[in-house]
Amino acid sequence: MQELLTDRYEPDKIEPVIQQHWAENAVFKVSEDPSREKFYCLCMFPYPSGRLHMGHVRNYTIGDVISRYQRMLGKNVLQPMGWDAFGLPAENAAIENNVPPAEWTRSNIAYMRAQLERLGFAYDWDRELATCEPDYYQWEQWFFTQLYEKGLVYRDTAVVNWDPVDQTVLANEQVIDGCGWRSGAPVERREIPQWFLKITAYADELLDELERMDDWPEAVKTMQRNWIGRSEGLSIRFALTRGDGELEVFTTRPDTLYGATYMAVAPEHPLAAAAAQSNAEIAAFIEESRHQSTSEAVLEKMEKRGLPLGVSVDHPLTGEPLPVWVANFVLIGYGTGAVMSVPAHDQRDWEFARKHDLPIRQVITPADGSTVDIEAGASADYGILINSGARDGLDFKAAFDSIAGELEAAGRADRQVQYRLRDWLVSRQRYWGCPIPVLYDADGNVVPETDERLPITLPEDIVGEGVVSPLSTMSAFIDAPLPDGGRGRRETDTFDTFFESSWYFSRFCCPDANAMVDERVDYWMPVDIYIGGIEHAVLHLLYARFFHKAMRDVGLVKSDEPFKRLLTQGMVCKETYFRDGANGRKQYFNPGEVDVETDEKGRVTSARLRSDGTSVDIGPVEKMSKSKNNGVDPQALIDRYGADTVRLYTMFAAPPDQSLEWSDSAVEGAFRFLKSLWRMTSEHIAGGVPGPASMTALSPELKTLRRHIHETIVKVSDDISRRYKFNTAIAAVMEMVNHLGRMRGEDDASRAVRQEGLSAAVQLLGPIVPHFSAVLWTGLGHAEELTDSPWPQADENALEREEMDLVVQVNGRKRALIQVAANADKAACEAAAMIDENVLRFTAGKTIRKIVVVPGKLVNVVVAD
RNA sequence: GCCGGGAUGGCGGAACUGGUAGACGCGCCAGACUCAAAAUCUGGUAUCCGUAAGGAUGUGGGGGUUCGAUUCCCCCUCCCGGUACCA
C-alpha cells in the first residue's frame, strides 16, 4: 500500500488496488459469531433497471458509511446486496428490444454489480441474491401454500383496469387520462377473481407495535397509522321505506345521525342496479361509471356526480324518509358500498347537497359556545348535539352510547371496529413474476401445489408481445397434472413484486439454506438499520412488517419486527431545461448539454443549448427522471473524479433524509478538499512520521488546535452514530483540516499535534472515503488496517477549556461578545456583561427591568425607557 | 380530495433541548504566483446605511406566546412524496 502514497492524489490509481485488496482478502465476508455483537445494515435493494442512478449512489453510500463505522466500533457487521429482479419494466424493455425479460434483467444485474463494485461498497457479495431465480422464489411459493393452509390466503374478485383493445389488465401507471397507454382506448373497470393475503388479520398488531418502534421516524409511523386507519363506529341498517330490504352503512359519527338527510350508494350497488331496470338515465350513469379509474387519487379529484334512485329508507330514530342516491364517489369495494350523508358535518356531503338542493341540517354545535356558519361549509369538529330531539346537549361519547344503545336494542345496528387497510391483493396478470403455486381442477376448485412439486418454474426464453401475459396462452405451462392425479389447469397470474421484497432481508441471513430460512436468521435479524426512499413509507414497509409476522407465526423467525431502525432517504434532484415544442409538449434538455450564464453576483440569468447556441427555458428543480431528462449519470463522475469524491459529495451536499440538489461544481469542491488533504498528509509523511510525544507542555496555540481536534472527534462521532448527519460531520473535519493547514510549525510538538490531527481526519473520513483513507492511514504509520482500526476516542484532558464566549444582549439584541472564565457562575457572567462598553451605551439612562443569565450561553439585559 | 413532509444569502446547506441566524462547501469579487492561462494560495462576500466603529432590516406570508422564536401555537400560500397494479 505504501507505493500508492504518491505526491499527487490519483484516485484512478489507488481505488482499483484497494478494492482488489478487499476482495482478495474477503475483508467483508461475515459469518455468525455469537461472542460478538452483530450489526445488520441494509439498504433497499435495487430494481435492475440498467444503470445505477444517483438515488442508488446516495442510498448505498449512506449504508456503507454506517456499516464501516459500526465495524470500527468492533461489531460483526453484515451488509448484503441483491436484486429486486421481477417487475414491469423488464416486460416493456423486452418488447422494445426484442429480448427476453430474463436475459435483459440478468445483463442489467451484471452491469450494475460492476458499478457497485467500482464504488467500493463493503458488501458480503457471497450473499448476493436475485428474486427472479427459482432458488429464491421457490420459498415464497412454499410459504404461500403454508399461509393457504393457515387460512391467511383467499380468493375473491377485485376490480382492475381493463384495456378493451389490447384485451389486457393495465397497471395504474399505464392508464393515462383514463385511456390505455399503448392502445389509447378508454379503460374499463372489470371484476376478476384474484388472490388476497389477510393483512387485516394483523391490523391491530401492526398498529400497536408502532408505539414501541422508537427508532422509526414519526412521519412514517403516522403515515402507517393513518393507512391502517382503525376506527370505531356503528354499522347501521336502514329499512327501505317500501318493500322489506335494508341498506347497511358504517359510520364513525353516529352522533350526527339526526343530521343525515340522504343516503348514497355506489354505482355497482344492487339498489342502483334495481333502479336502472326502469330508469334509462340511471342505467347510463352506471354504464359511464364503468370507465371510472381504480386509482384513489383520480377518483377523489374527479367531479362528484349522482342521481336520485327514486327510493328511500326510514331514519331509524325519527322515521323520516331519506332519499337514496347513486353517487360516483361511493366505492363498492369499501365497506358496504353505501354511506349515510350528513351534509352539515362532512364537507363532501355538504358540496353534494348544495349542488343537488338536498337539505343541510346542523346537529352539532361547538362545546365552547361559539357558533359555526353551516351556510359557508361543513363543520366536522366534535361538539354538543342540537336539533336531535331528546339527545340535545349530549357530547360525542354520550350521544354515541345513547344512539348505539337504542339501535342495538332494536336490532338495527352493531358497534364495529373498521380499518381503512384492505387485504393485500397479490395477483398480477403479468408474465415477469413469480408464478402463484396453485392449480384448478376440472370443476374450477383450487388445488394448492405440494412441497415436492416446487418450484413452479417460470418459463424464461419468452419475449412477449406486449399485450397479454404469455403465460396465459402457454398450454405447456397451464396444462399440468394434479397432485392426486388427473389433469388440472395452472394459475397463470404471478405475484405482486412486493411479495419478493417482503422477505429478502431474512434470506440474506442464510442465502444457501435448504429451506426458506434457517436458524442463522435469528442471529442476524432484526435488521439494525434499514435505509431507503421515503416513497416506501407505507406499502413496502407495511407489507414487509406483515410478512415477517406471518413468517414468525409459521415458526420461521423469532423476532416480531424486521427493522429495528429506519432511515428514510430524500430524493436526488436537478434543475430542468426545456423548450416548448410545436405540439404543445415540452422538450427537455439534459443539464450536461446546457451552458448557464450568470451575472456578476453569480446569479443565473440565462441558459443556452451548447449544440446550437440558442437559449432554453430554465425549469424548476425536480427529482432526476427520464421524463424530465435531468439525470446526471454517476458513472461519468466516477470515471472523472473517482468513487471517493462522488461518495464524499453525496454525503456532504445534504442530510440523508432531505432531498439533495445535485451540483457538478460542488463535486469539484469535494475533489479539491481531498486533493488538499492528500497533499498536506503526504508532505507531513515525507518529513518523517513522528513518534508518540508528550502533549502536556504545549503552547497555547497548539493547545487550542489540539482541543479542536478532539472536539471534532466528539462531533463527528455524534453526527454519525446518533444524528445520521454526515454533511455536518464532513464540515467539521473540513474545518479542522483548515486549522491544521494554517499551523506552520515544524518543531517536534507541532509535528506531533499535526500527526494526531491528520490521523484523526483520515480516520474520521474513513467510512466516507475508504480508499483515500486506507492509503493515508497506512502512510501515517498505523500498523492495523483502517477498516479494522478502532474508532478514535476524544482525550478528556484535551477538551478542557479555560475561557469561553458569552453573548450579551440588550432587549434580545446582540450587543457584545465577551470572554469569561469557563466556570463563571451567574453573578460573574452578569458582572462581566454589565461593564461592557457597548452594553453600557444601550442601557444608559434606562431602567433595568430584568437580567436573564444562561451560564455558558448568554446574558440578556431587559431595559425600558 | 385525503395522509405525510418541506420552504433560511446568488446556490447546496448549518444553527441538535426556545438562547450569537448564515458553520462548511459552491459560485462570485479582489489580490498573489505566471509571459499568459490553468492549477494553487490569501482576503472579502445576507441586504441596506456608514471610510470605519457601529446601526437598521432579515429565516415562504399573516397573527400569537416569550426577556428572547428558523425552532412552540393558530391561519394561509407554494413545492415535494404516497394514495393500494411503477418500484
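By convention in this document, chain letters (A, B, ...) are assigned in the order of the sequence lines, proteins followed by strands, and residues within each chain are numbered from 1. Since the structure is predicted, the reported quantities are computational estimates derived from the model, not experimental observations.
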In whole Å, what separates the [atom1] atom of [N] from that of [M]?
| N | M | atom1 | result |
| --- | --- | --- | --- |
| C78(B) | A53(B) | P | 44 Å |
| U51(B) | A38(B) | C1' | 37 Å |
| G60(B) | G5(B) | C1' | 15 Å |
| U77(B) | G25(B) | C1' | 31 Å |
| C33(B) | G22(B) | P | 34 Å |
| C73(B) | A69(B) | P | 16 Å |
| A37(B) | A46(B) | C1' | 33 Å |
| G50(B) | G6(B) | P | 41 Å |

**Q.** Residue pair L542(A) / L421(A), side-chain heavy-atom distance below 4.5 Å
**A.**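 They are in contact (side-chain heavy atoms under 4.5 Å apart), so the answer is yes.
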
Can you measure [X] atom [atom1] to [N] atom [atom2] for me and round it to whole angstrom units?
| X | N | atom1 | atom2 | answer |
| --- | --- | --- | --- | --- |
| L674(A) | C24(B) | CG | C1' | 14 Å |
| F652(A) | A14(B) | CZ | C1' | 10 Å |
| N92(A) | C86(B) | CG | P | 12 Å |
| Q429(A) | C86(B) | CD | P | 12 Å |
| D718(A) | A23(B) | CG | P | 21 Å |
| K814(A) | A15(B) | NZ | C1' | 13 Å |
| E668(A) | G27(B) | CD | C1' | 13 Å |
| D805(A) | A15(B) | CG | C1' | 16 Å |

Protein-proximity profile, nucleotides 63-82 of chain B, B/S/- by nucleotide at the 4.0 Å heavy-atom cutoff, equals ----B------------SBS

Kindly say if [X] contacts the phosphate of [N], meaning a side-chain N or O under 4.0 Å from OP1 or OP2.
| X | N | value |
| --- | --- | --- |
| R672(A) | C26(B) | yes |
| N727(A) | A14(B) | yes |
| S295(A) | U83(B) | no |
| R430(A) | A87(B) | no |
| R813(A) | U20(B) | no |
| R428(A) | A84(B) | no |

### Query
Taking the nucleotide of RNA chain B with the closest heavy atom to each, which residue, E218(A) or R744(A), is nearer the 5' end?
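Nearest-nucleotide comparison on RNA chain B picks E218(A).
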
- Name the residue closer to the 5' end of RNA chain B, choosing between K857(A) and E735(A) according to the nucleotide with the nearest heavy atom.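 This one resolves to K857(A).
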
For [X], which contact category applies under a 4.0 Å heavy-atom criterion: base, sugar-phosphate, or nothing?
| X | result |
| --- | --- |
| A666(A) | sugar-phosphate |
| R815(A) | sugar-phosphate |
| D657(A) | nothing |
| K715(A) | base |
| I851(A) | nothing |
| F329(A) | nothing |
| R420(A) | base |
| V160(A) | base |

Cationic N near anionic O, under 4.0 Å, [X] to [Y]:
| X | Y | value |
| --- | --- | --- |
| K198(A) | D423(A) | no |
| E735(A) | K715(A) | no |
| R428(A) | E91(A) | no |
| K221(A) | E218(A) | yes |

Pairing nucleotide - [N], Watson-Crick or G-U, each distance under 3.5 Å:
| N | result |
| --- | --- |
| C41(B) | G31(B) |
| G4(B) | C80(B) |
| U57(B) | A46(B) |
| G18(B) | none |
| U71(B) | none |
| C26(B) | G10(B) |
| U51(B) | none |

Partner set under side chain to side chain donor-acceptor pair (under 3.5 Å) for D836(A), not counting sequence neighbours:
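Once residues adjacent in sequence are excluded, D836(A) has no partner under the side chain to side chain donor-acceptor pair (under 3.5 Å) criterion.
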
In terms of ring plane angle, is the pair W424(A) and F547(A) parallel, tilted or perpendicular, where the classes change at 30° and 60°?
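Ring orientation of W424(A) relative to F547(A): perpendicular.
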
Worksheet entry | Pair W662(A) and Y649(A), ring centroids less than 6.0 Å apart |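 Centroid separation for W662(A) and Y649(A): below 6.0 Å.
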
Kindly say whether, by distance alone, the side chain of Q174(A) makes a donor-acceptor pair under 3.5 Å with the base of C85(B)?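 Counting by modelled atom types and ignoring angles, no donor-acceptor contact under 3.5 Å is found here.
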
- Message: Should the side chain of R722(A) and the base of C16(B) be counted as holding a donor-acceptor pair, with the cut-off at 3.5 Å?
- Response: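 Yes.
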
* Between C85(B), U20(B), G25(B), which one does the side chain of N172(A) approach most closely? ->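 Nearest listed nucleotide: C85(B).
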
Reported CG-to-OG distance for the pair N172(A) and S295(A), which is rounded to 0.5 angstrom: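 Here the interatomic distance stands at 5.5 Å.
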
Please tabulate, for the side chains in residues 666-681 of chain A, all donor-acceptor contacts under 3.5 angstrom to protein atoms that are two or more places apart in sequence or on a different chain.
{"residue": "E668(A)", "atom": "OE1", "partner": "Y641(A)", "partner atom": "OH", "Å": "2.7"}
{"residue": "W678(A)", "atom": "NE1", "partner": "T6(A)", "partner atom": "O", "Å": "2.9"}
{"residue": "T681(A)", "atom": "OG1", "partner": "L677(A)", "partner atom": "O", "Å": "2.7"}

(Q) With side-chain contact (heavy atoms from CB on, under 4.5 Å) as the criterion, how do Q429(A) and Q194(A) come out once you've worked through the C-alpha distance, each side chain's angles and the decisive distance to 0.1 Å? (A) CA-CA 9 Å; Q429(A) 296 70 45; Q194(A) 310 200 59; 3.1 Å; yes

